[in-house]
Amino acid sequence: MPITLPDLPYAAGALEPYMSMTTVQLHHDKHHKGYVDKTNGLIEGTALESEELEEIIRKSAKNGDQAALFNNAAQVWNHTFFWNSMTPGGGGMPEGQVAAAIERDFGGFDRFRKSFAEAATGRFGSGWAWLVFNGSRLEVTSTPNAEMPIVSGLRPLLTCDVWEHAYYLDYQNERAKFVAAFLDNLVNWKFVAAQLAQAQGETELSTA
Ligand code: MN3
């Protein structure tokens, strides 16, 4: 079964003024779709053709000959996760379990925010900033290019795409302004909470 391009979880213009409709349309309909199409082209007629996307990512990550497949498949996953990491009217401070976990592991929301912003702005070149769950605690990390935390055994909770195509039309070279808009106005904390609850549930099952 081919990999499919998921619809956006909101209208293309719903993240304005923090992310323009043009940016979202180009990013989803051209970049994200491009990764889907390339992944399908690379798995067609191979043993991976009927695998789930995460399985394709895990297997190609271990095989240096499949770097192109890994890059495209991981970018499909990363972008779907990125769209879900944002919501109209999002950003600011989380509540509930996520707020408690951030307090516990970063010593407060401001420290988390600074850490995530530094990871996103400090990533040289193209890549991703992440909030992840390592099995017991939350961590902020960043990855270059298409790389992503799942292959290292970490559970992503939130991601920000810091490739230039994510922000150049709206913020030009000012990545820090884009990252601030992402944190203050776009983060979907309900999605983060659902990812954390799921990851904690799986951890409890595996250690029971
Ligand atoms: Mn992108």
Side-chain angles (χ1 to χ4, degrees), residues 2-43 53-54 56-57 60-61 66-88 90-91 116-132 140-152 154 156-188 191-192 195:
I3 304 301
T4 54
L5 176 68
D7 289 336
L8 288 166
Y10 32 73
L15 303 180
E16 291 192 342
Y18 307 106
M19 188 179 290
S20 68
M21 183 162 73
T22 306
T23 288
V24 172
Q25 284 174 332
L26 281 169
H27 201 171
H28 177 266
D29 302 353
K30 304 292 183 190
H31 291 274
H32 195 176
K33 182 177 187 299
Y35 298 125
V36 170
D37 291 346
K38 283 181 190 148
T39 300
N40 283 327
L42 288 165
I43 60 174
L53 182 60
E54 282 195 33
I56 294 169
I57 292 167
S60 61
Q66 292 183 314
L69 176 57
F70 171 79
N71 285 336
N72 283 282
Q75 285 292 79
V76 173
W77 196 99
N78 293 349
H79 281 85
T80 301
F81 202 81
F82 175 57
W83 300 125
N84 284 309
S85 289
M86 299 183 288
T87 191
F116 193 95
E118 283 175 356
T121 54
R123 165 52 54 192
F124 185 78
S126 297
W128 301 81
W130 304 87
L131 176 64
V132 300
V140 162
T141 186
S142 78
T143 57
N145 303 318
E147 288 179 31
M148 45 98 86
I150 285 180
V151 292
S152 315
L154 300 167
L157 306 177
L158 173 73
T159 196
C160 184
D161 186 342
V162 296
W163 286 54
E164 282 189 348
H165 65 229
Y167 62 87
Y168 211 85
L169 288 178
D170 299 331
Y171 299 92
Q172 290 78 50
N173 59 315
E174 299 192 88
R175 187 191 287 183
K177 282 191 182 172
F178 161 61
V179 172
F182 175 86
L183 287 165
D184 297 339
N185 304 103
L186 294 173
V187 171
N188 185 350
F191 175 74
V192 175
Q195 301 311 303

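Numbers here simply count residues along the sequence, with the first being 1. All ligand and atom numbering here is 1-based and tracks the order in the structure. All of these numbers come straight from a predicted model, not from anything done at the bench.
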Open item on the list: Ring centres under 6.0 Å, that's the criterion: do His27 and His79 meet it?
Closed with: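 Ring centroids of His27 and His79 are less than 6.0 Å from each other.
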Open item on the list: Is it the case that the side chains of Trp130 and Thr143 hold a donor-acceptor pair, with the cut-off being a distance below 3.5 Å and no angle test?
Closed with: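 A pair is found: one side chain offers a donor N or O, the other an acceptor, under 3.5 Å apart.
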- [ ] Using only heavy-atom distances, determine whether the side chains of His32 and Trp83 contain a donor-acceptor pair under 3.5 Å.
- [x] yes
Task: Whether Ser20 side chain and Thr23 backbone form a donor-acceptor pair below 3.5 Å - done: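 Yes, the answer is positive, given that a donor and an acceptor are paired below the 3.5 Å cut-off.
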Task: For Tyr18, ring-ring contact (aromatic ring centres under 6.0 Å, His included) partners two or more places apart - done: none
TODO: Could you tell me whether the side chain of Phe178 reaches within less than 4.5 Å of the side chain of Cys160, counting heavy atoms only?
DONE: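 The answer is yes; the side chains approach within 4.5 Å.
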TODO: Sort by chain and number the protein N/O/S atoms that are closer than 2.8 Å to the Mn ion (ligand 1), and list them.
DONE: His27 NE2, His79 NE2, Asp161 OD2, His165 NE2
